[in-house]
Amino acid sequence: MFLERHGNQYRVVVNVPKELHGKLGTKLKRSLGTDSLKEANRLKWDVIADLKATIAHAENPSLSLETARYISLEQAMQQAVRFAEQRKGAFDPERRDEIDEEIDWQAESLAGQPIATDEEGHEVFDPERLRLAKDFSQLARGDRTPIDLHHEKFLAASHVKARTLADDKRAIKLLKDWCSKAGVPPYLQAMTKKEAVRFCDELPSLTANLTPVTLNKYVSRLSVYWTWLENRHEVESNIWQGRRLREPQQTTDQKERPFTDDEVKTLLTGPAEPQMHDLMRIAALSGARLDAIVCLKVKDCRNDGVFVFKPQKKEPGPRLCPIHPNLIEIVERRKKGKEPEDDIFPEWPGVKKSTSLRERSFKTSNEFTAYRRSVGVEDRREGKRRGLVNFHSFRRWFITKAEQAGQLESTIAVVVGHKRQGMTFGVYSGGPLLEQARQCVEAVELPKLA
């Protein structure tokens, strides 16, 4: 690769991209000053990196040669990953030996020529280049795999929300930061169950402002990543399985709760904007989450009297929910004169920035909170960041009312999108008939507002 014989010596030849022919010519060449093929293979990688850095600099003149060379070294590490994959799949011993020899050659190239000799006559190499060569060799042989080496591929295969992807990235950063602080090599091979326990024990000291609930979310995302690695035979087992930080026990009067009937009445009779009145009524009579309601389109409000809510949390797909009779006027009014893809609630458009992690309902939630507090519906506890009531309290209120009306727990779970409990309802049942769900929804009535 990259070698040709010129006279009685070898030289490196690197092809130049067509768009740079006018500036650099069709090929870059440099003699290695040796007639030994083995020696040429040992020396070539350093020269290849230099020539590719020249090409990268020509493609982007603002890029310094030093930066371009760094990129070339990064590419060498990517080559190490490819070597590791080849070694893993090589059953022929001769093929394995051939790969190992190529690894040795490139590692020697990355180490460069000796910069001095010590008192005993031993060659001394540049420490940074020697470290890079060792990292390359260990990575290429599968002995040391960086924790985040496969993380981008894992993220690309994950079908989760952008906010969850952001949690994945934060979790990996926290783990790498901890490795640096704790003196643990940041490699998969160094991460054992014992290290996972240490990480969980010391995590609160790294993130003083985060609650155990949030930290457990990050540990959970590490567990999902390790399960993916285990399935690909990159690790022996999921060291994070069952790992959780202890969360403070909450008493009944500290838990977030449903609205009372009086609070629902206060909210529905207060001076809210028309769109907020419509939104609150749909929430109270469907038990749907805020973002699912705000994201409704005309086509999601079917003519057979059914909402089609987008998947939320761990729901596997869109969820059907019968439209309560008291909501029909609101739905028809908001559908009138619109196309199937038009929004039911255009007053709260989606976030403009494509990179934003906020849900569409972010602004809606803030407006509801301001309105709720303006009419005196609040329940704060000392030491708690969040109050005990919020928009989700409509969902809790709906579930409470459905239960009080004698509806089956399994039917309520289907209506609101909860996982149904037990083997019978959770696995074998195809779900209640739509008519049963309709009876459940219609069993919930708003408190008398007049």
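Between atom CZ of residue Arg244 and atom CG of residue Asn216 there is a gap of 4.0 Å, rounded to the nearest 0.5 Å. Between the CD1 atom of Ile282 and the CD1 atom of Ile330 there is a distance of 5.5 Å, given to the nearest 0.5 Å. A distance of 12.0 Å separates OG1 in Thr164 from NZ in Lys169, rounded to the nearest 0.5 Å.
Within 6.0 Å of atom CD in Glu19, more than 12 heavy atoms from other residues, nucleotides or ligands are found, so the atom counts as buried in its surroundings. Counting heavy-atom neighbours within 6.0 Å of His21 NE2, excluding the residue itself, gives a total above 12. The number of heavy-atom neighbours closer than 6.0 Å to NZ of Lys176, taken from other residues, nucleotides and ligands shown, is 12 or below.
Of the residues Glu39, Arg11, His6, Lys44, the one that meets the side chain to side chain contact (heavy atoms under 4.5 Å, CB included) test with Leu32 is Lys44.
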- Take Ile239 and Met191 through the test side-chain contact (heavy atoms from CB on, under 4.5 Å) and record every step on the way to the result. CA-CA 8 Å; Ile239 61 173; Met191 294 303 300; 3.8 Å; yes
- Start with the C-alpha gap between Leu203 and Val219, add the side-chain angles, then the distance that decides, and say whether side-chain contact (heavy atoms from CB on, under 4.5 Å) holds. CA-CA 10 Å; Leu203 186 56; Val219 174; 4.2 Å; yes
- Message: If you apply the rule side-chain contact (heavy atoms from CB on, under 4.5 Å), what do you find for Lys297 with Ile344, and how did you get there?
- Response: CA-CA 5 Å; Lys297 294 183 178 297; Ile344 288 294; 5.7 Å; no
- Before giving the answer on salt bridge (charged side-chain N to carboxylate O under 4.0 Å, His left out), spell out for Arg141 and Asp104 the whole-Å C-alpha distance, their side-chain angles and the decisive distance to 0.1 Å. CA-CA 10 Å; Arg141 288 184 165 84; Asp104 288 339; 2.7 Å; yes
- What do the steps show when you test Asp177 against Lys173 for salt bridge (charged side-chain N to carboxylate O under 4.0 Å, His left out), and what is the final call? CA-CA 6 Å; Asp177 289 347; Lys173 185 178 185 306; 2.9 Å; yes
- Item | Stepwise side-chain contact (heavy atoms from CB on, under 4.5 Å) check, Trp178 with Arg198 | CA-CA 10 Å; Trp178 175 80; Arg198 282 185 61 197; 3.7 Å; yes
- Run the side-chain hydrogen bond (donor to acceptor under 3.5 Å, both in side chains) check on Asn366 and Lys363 step by step: do they pass? CA-CA 5 Å; Asn366 288 342; Lys363 185 176 180 181; over 6 Å; no
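Thr211 and Thr214 share a side-chain donor-acceptor pair at under 3.5 Å. Judged purely by distance below 3.5 Å, without hydrogens or angles, the side chains of Arg373 and Thr369 never pair a donor atom with an acceptor atom. Side chains of Lys193 and Asn238: no donor on one and acceptor on the other come within 3.5 Å. A donor and an acceptor atom, one from each side chain of Trp226 and Gln241, are nowhere located under 3.5 Å apart.
Between Glu359 and Lys161 there is a salt bridge, since a side-chain N of the basic residue sits under 4.0 Å from a carboxylate O of the acidic one. A salt bridge links Glu256 to Arg396: at least one charged side-chain nitrogen sits closer than 4.0 Å to a carboxylate oxygen. Salt bridge status for Asp291 with Arg360: absent, with no side-chain N to carboxylate O gap under 4.0 Å. Ionic pairing of Asp304 and Arg302 is present here: one or more N-O contacts between side-chain nitrogen and carboxylate oxygen are shorter than 4.0 angstrom. A salt bridge is defined here as a Lys NZ or Arg NE, NH1 or NH2 lying under 4.0 Å from an Asp or Glu carboxylate O, and Asp167 with Arg163 fails to meet this definition. Salt-bridge formation is detected for the pair Arg334/Glu347: a Lys NZ or Arg NE/NH1/NH2 atom is positioned less than 4.0 Å from an Asp or Glu carboxylate oxygen. Ionic pairing of Asp343 and Lys338 is not present here: no N-O contact between side-chain nitrogen and carboxylate oxygen is shorter than 4.0 angstrom.
Taking the six-membered ring where the residue is Trp, Phe368 and Phe394 present tilted rings, their angle falling between 30° and 60°.
Considering only heavy atoms from C-beta on, Val306 stays 4.5 Å or farther from Cys321 through its side chain. Looking at heavy atoms from C-beta onward, Glu230 lies out of side-chain contact with Glu234 at the 4.5 angstrom threshold. Taking the side chain as every heavy atom from C-beta outward, Arg372 and Val389 approach each other to under 4.5 Å. Using a 4.5 Å cut-off on side-chain heavy atoms (C-beta onward), Leu320 and Val414 make no contact. Taking 4.5 Å as the limit, every side-chain heavy atom of Leu222 sits out of range of all side-chain heavy atoms of Tyr218. Side-chain atoms of Thr54 and Asp50, non-hydrogen and from C-beta on, never get closer than 4.5 Å to each other. The shortest side-chain heavy-atom distance between Leu279 and Leu290 falls under the 4.5 Å cut-off. Within the 4.5 Å cutoff, the side chain of Cys301 has heavy atoms near those of the Phe307 side chain.
Taking the six-membered ring where the residue is Trp, the centroids of Phe154 and Trp228 are separated by under 6.0 Å. Centroid-to-centroid, the aromatic rings of Phe199 and Trp240 come within less than 6.0 Å.
No donor-acceptor distance shorter than 3.5 angstrom exists from the side chain of Asp148 to the backbone of His151, with no hydrogens or angles considered. Formation of a donor-acceptor pair under 3.5 Å by the Ser137 side chain with backbone atoms of Lys134 is not found in this model. Side chain of Thr227 to main chain of Ser223: a donor-acceptor pair is present (N/O by atom type, distance under 3.5 Å, no hydrogens or angles). No donor-acceptor pair closer than 3.5 Å links the side chain of Ser365 to the backbone N or O of Ser361.
Between Lys310 and Cys295, the closest heavy-atom pair is NZ-SG, 3.5 Å. Pro185 and Arg144 get closest at one heavy-atom pair: CB-NH2, 4.0 Å.
With a 6.0 Å cutoff to the six-membered ring centre and a 45° limit on the axis angle, Arg5 counts as a cation-pi contact of Tyr10.
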